[in-house]
Amino acid sequence: MKHFDHANPYTSTRIPVFARNVVSTSHPLAAQAGLRILHQGGNAVDAAVAAAAAMTLVEPVSNGLGGDAFCILWDGRQLHGLNSSGPAPAAWTPDYFRRKYGNDAQHPPLRGIDAVTVPGAVGAWAALSERFGRLPFADLMAPAVEIAERGYLVPPVVRQKWAAATPLLKDAPGFAGTFLPWGRAPEVGELFRFPAAARALRAIGETRGEAFYRGEIAAAIAKFAAANGGSLTAADLAAWQPEWVTPVSKSYRGYTLHEIPPNGQGIAALIALGILSHFDVAALPVDSVASQHLQIEAMKLAFADVYRYVAEPSSMEVTPEQMLDDSYLASRARLIDVKRAQEFKPGNPVKGGTIYLTAADESGMMVSFIQSNYMGFGSGCVEPGFGISLHNRGHAFSLAEGHSNQVAPGKRPFHTIIPGFLTKDGQPVMSFGVMGANMQPQGHMQTLVRMLDYHQAPQAACDAPRWRFNAGRAINAEAAMDPRTVQGLVDLGHEVEVIQDSYQDFGAGQFIWRMGDPAVEGYQAASDPRRDGLAAGF
């Protein structure tokens with residue numbers, strides 16, 4: 001068992017939850033949904049699926065029934081990965097977008113129906129339940145159905161993003177009718193009901209997801225897409241299946257971090273930690289300029305390679321193994337100058353708005369799960385009959401000729417959402433994740449460095465102020481960061497902007513750390529104060 005320093009030096013009202021069965025999410029109603037399923041005799045997978053379904057309702061600004069999902073889980077004996085990101089419609093080619101949007105277009109559009117690939121979240125729920133669940137699938141949808149019908153009071157952080165998206169999306173097909181029933185964004189504490197989603201969730205539960213991909217919901221999505229000039233068809237939906245994958249991993253300080261392999265960006269956290277392993281980080285004070293500078297530079301090097309090489313695996317020029325090679329990462333570490341910030345180019349590894357939740361149970365099963373509509377409310381398009389809020393993941397494709405991530409029929413785009421999992425000596429230690437686009441691998445690295453190098457407890461690592469690398473030398477720093485640290489980074493050449501809005505810029509995380517025998521010692525769970533999250537257990 002890891003012996004943490006539980007003295008928390010950061011401003012926080014959170015205390016860790018210690019229990020044998022735990023659910024941790026960014027909304028209390030979703031955590032309660034998962035806990036309800038555990039009380040009914042379900043396992044951690046059942047709880048995670050129920051919580052994920054509830055999250056599509058209580059945080060629609062970040063995820064929905066039309067989003068994608070990924071999962072890493074420990075089944076009690078071994079680790080499994082699930083890639084449930086959907087591919088491009090069969091009609092999508094570079095010429096398709098150039099004809100519609102002009103020869104100067106660099107990507108599919110940011111919003112609208114031509115940003116929508118096949119949604120994978122519902123498929124993830126069904127696949128997880130079928131392989132590892134204990135309770136009937138319809139039972140897992142029941143808490144979400146009740147929330148959709150009864151409604152819930154909109155919390156501050158959700159209202160904030162809702163209001164920010166409204167001017168951008170109010171004219172998108174189906175958006176106003178679904179998310180602006182007042183003719184505006186909701187106020188804090190207003191009751192939001194979602195009866196169309198209740199109808200969808202019932203059909204999904206009764207058919208174990210088949211209605212979404214090969215039934216009445218699939219037909220409704222295809223009809224909606226065609227009516228609004230899109231090319232997503234019922235055949236595209238019917239042809240898709242989620243993929244079970246082997247996570248990629250990297251050792252760090254005696255532990256092993258596991259991430260979903262490309263087409264996702266989880267490998268960025270592995271690269272950054274692999275680079276940091278060549279420095280004595282623990283010899284530097286935890287919140288010092290020197291420690292933060294090393295982490296920032298390692299993350300910049302990781303992103304330089306990820307943005308150059310990561311795509312659908314069949315399209316990549318290099319393999320994940322080449323990108324994670326020890327000697328290659330050692331050569332990248334030597335590029336770091338401890339006295340100044342730099343801008344890095346990709347190396348040559350070749351020799352010669354998202355929600356995250358986690359659940360664990362007393363049998364030892366641990367689930368790390370993430371799902372997303374990509375940018376706030378995704379494409380903005382909402383199929384009205386079933387309340388399917390469709391993501392905009394297709395925007396991540398490139399239209400550039402020869403680019404690894406160039407759009408093609410049936411190809412999956414570069415993906416930002418990444419669940420994380422930590423093991424030691426082949427045994428499970430922690431399921432965790434951090435939300436927020438390219439903040440996710442940065443959050444993985446920063447929190448793990450705090451836990452593994454500095455022995456901070458998960459809640460303290462979660463509460464600590466973070467930075468976020470953007471591009472070049474530009475980084476954002478959370479307002480709670482020590483001004484002396486901020487100034488020290490500026491003196492090294494970093495272009496630092498201090499940001500007050502932690503929810504938007506620095507993600508939020510959930511962490512479940514296994515304390516020993518789950519039936520006896522249980523787990524400790526941390527939830528992020530940046531959202532209205534809750535870790536609950538018994």
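Put simply, the side chain of Asn228 never gets that close to the backbone of Ala225: no donor and acceptor are under 3.5 Å apart. Between the Ser129 side chain and the Ala126 main chain, no donor and acceptor come within less than 3.5 Å of each other. Listed for the Glu478 side chain is no donor-acceptor partner under 3.5 Å among the backbone atoms of Gln500. Between the Arg412 side chain and the Ser85 main chain, no donor and acceptor come within less than 3.5 Å of each other. The backbone N or O of Glu362 lies less than 3.5 Å from a partner atom in the side chain of Asn21, making a donor-acceptor pair. Using a distance-only test at 3.5 Å, with no hydrogens or angles considered, no donor-acceptor pair links the side chain of Asp361 to the main chain of Arg20. Between the side chain of Asp236 and the main chain of Ala90, a donor-acceptor pair closer than 3.5 Å is present.
The distance from the CD1 atom of Ile204 to the CZ atom of Arg202 is 12.5 Å, given to the nearest 0.5 Å. Distance CG/Leu38 to CG/Asp46: 8.0 Å, rounded to 0.5 Å. The CE atom of Met141 sits 6.5 Å away from the CG atom of Leu201 when rounded to the nearest 0.5 Å. The CD1 atom of Ile512 sits 9.0 Å away from the OG atom of Ser368 when rounded to the nearest 0.5 Å. Between Ile475 atom CD1 and Gln442 atom CD the span is 9.5 Å, to the nearest 0.5 Å. The CG atom of Asp528 lies 9.0 Å from the OG atom of Ser24; values are rounded to the nearest 0.5 Å.
Classification of Arg193 and Glu149 as a salt-bridged pair fails, no side-chain N sitting under 4.0 Å from a carboxylate O.
For Glu259 against Ala269, the heavy-atom pair with the smallest separation is OE2-CB, 3.7 Å. When every heavy atom of Gln265 is checked against every heavy atom of Ala437, the shortest pair comes out as NE2-O, 2.9 Å. Heavy atoms only, all atoms of each residue included: Ser372 and Ile417 are closest at CB-CG2, 3.4 Å. Contact record, Met439 with Trp467: CE-O, 3.5 Å, taken as the closest heavy-atom pair. Counting all heavy atoms, side chain and backbone alike, Tyr96 lies closest to Gly230 at OH-C, 4.3 Å. The shortest non-hydrogen separation linking Ala474 to Phe469 is O-CD1, 3.7 Å.
Contact check for Pro89 versus Val118: no side-chain heavy atoms found under the 4.5 Å cut-off. Taking the side chain as every heavy atom from C-beta outward, Ile418 and His444 approach each other to under 4.5 Å. When side chains are defined from C-beta on, Val158 does not count as touching Val58, because their heavy atoms never get closer than 4.5 Å. Thr117 is listed as a side-chain neighbour of His391, based on a closest heavy-atom distance under 4.5 Å. At least one side-chain heavy atom of Gln40 sits less than 4.5 Å from a side-chain heavy atom of Leu135. Under the 4.5 Å side-chain criterion, counting only non-hydrogen atoms from C-beta, Trp162 is in contact with Pro60. No side-chain heavy atom of Ser379 sits less than 4.5 Å from a side-chain heavy atom of Arg111. Side-chain contact between Ile147 and Phe194: absent, with no pair of heavy atoms (C-beta onward) separated by less than 4.5 Å.
Note: Trp513 and Phe432 fail the aromatic proximity criterion, with ring centroids not under 6.0 Å apart.
The aromatic rings of Phe192 and Trp182 sit tilted relative to each other, their planes meeting at an angle between 30° and 60°. Relative ring orientation between His395 and His107 is described as tilted, the plane-to-plane angle lying within the 30° to 60° band. Using cut-offs of 30° and 60° for the angle between ring planes, the His39 and Phe538 rings count as parallel. Tyr213 and Trp240 have tilted rings, their planes meeting at an angle from 30° to 60° on a 0 to 90° scale. Phe179 and Phe175 have tilted rings, their planes meeting at an angle from 30° to 60° on a 0 to 90° scale.
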Checklist entry - Can Ser26 and Gln510 be said to form a side-chain hydrogen bond (donor to acceptor under 3.5 Å, both in side chains), step by step? => result CA-CA 8 Å; Ser26 56; Gln510 314 295 333; 4.9 Å; no
Item to check | Step-by-step side-chain contact (heavy atoms from CB on, under 4.5 Å) determination, Trp92 to Ser231 | outcome: CA-CA 8 Å; Trp92 279 20; Ser231 59; 3.0 Å; yes
Next on the checklist: Checking Glu497 against Arg468 for the salt bridge (Lys or Arg N to Asp or Glu O under 4.0 Å) test, could you report, in this order, the C-alpha distance in whole Å, the side-chain angles of both residues, the deciding distance, and whether it holds?
Outcome noted: CA-CA 10 Å; Glu497 180 183 5; Arg468 175 173 180 162; over 6 Å; no
Item to check | Full working for side-chain contact (heavy atoms from CB on, under 4.5 Å) between Cys71 and Leu128 | outcome: CA-CA 9 Å; Cys71 182; Leu128 288 166; 3.9 Å; yes
Item to check | Derivation of the side-chain hydrogen bond (donor to acceptor under 3.5 Å, both in side chains) call for Gln371 and Asn63 | outcome: CA-CA 6 Å; Gln371 67 186 19; Asn63 72 134; 2.7 Å; yes
Item to check | Worked check of ring pair (Phe, Tyr, Trp, His ring centres under 6.0 Å) between His80 and Phe132 | outcome: CA-CA 11 Å; His80 305 268; Phe132 296 107; 4.9 Å; yes
Next on the checklist: Between Ser84 and Asp68, is the side-chain hydrogen bond (donor to acceptor under 3.5 Å, both in side chains) condition met? List the steps.
Outcome noted: CA-CA 6 Å; Ser84 204; Asp68 275 350; over 6 Å; no
Item to check | Stepwise side-chain contact (heavy atoms from CB on, under 4.5 Å) test for Thr207 and Phe212 | outcome: CA-CA 9 Å; Thr207 65; Phe212 193 96; over 6 Å; no
Checklist entry - Is there a side-chain hydrogen bond (donor to acceptor under 3.5 Å, both in side chains) between Tyr101 and Asp114 once you walk through the steps? => result CA-CA 10 Å; Tyr101 301 100; Asp114 274 334; 2.7 Å; yes
Item to check | side-chain contact (heavy atoms from CB on, under 4.5 Å) assessment of Gln440 paired with Ile370 | outcome: CA-CA 11 Å; Gln440 293 177 60; Ile370 197 162; 3.2 Å; yes
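The 12-atom threshold is exceeded at CD of Glu190, counting heavy atoms of other residues, nucleotides or ligands nearer than 6.0 Å. For Lys100, the NZ atom is densely surrounded, since the number of other residues' heavy atoms within 6.0 Å is greater than 12.
A donor-acceptor pair shorter than 3.5 Å can be found between the side chains of Asn263 and Asn83. Between the side chains of Asn373 and Arg393, no donor-acceptor pair is found at a separation under 3.5 Å.
The side-chain contact (heavy atoms from CB on, under 4.5 Å) test with Thr447 singles out one residue from Met451, Met445, Arg450, and that residue is Met451.
The cationic atom of Arg208 (NZ for Lys, CZ for Arg) does not lie both less than 6.0 Å from the six-membered ring centre of Trp125 and within 45° of the ring axis. With a 6.0 Å cutoff to the six-membered ring centre and a 45° limit on the axis angle, Arg466 does not count as a cation-pi contact of Phe506.
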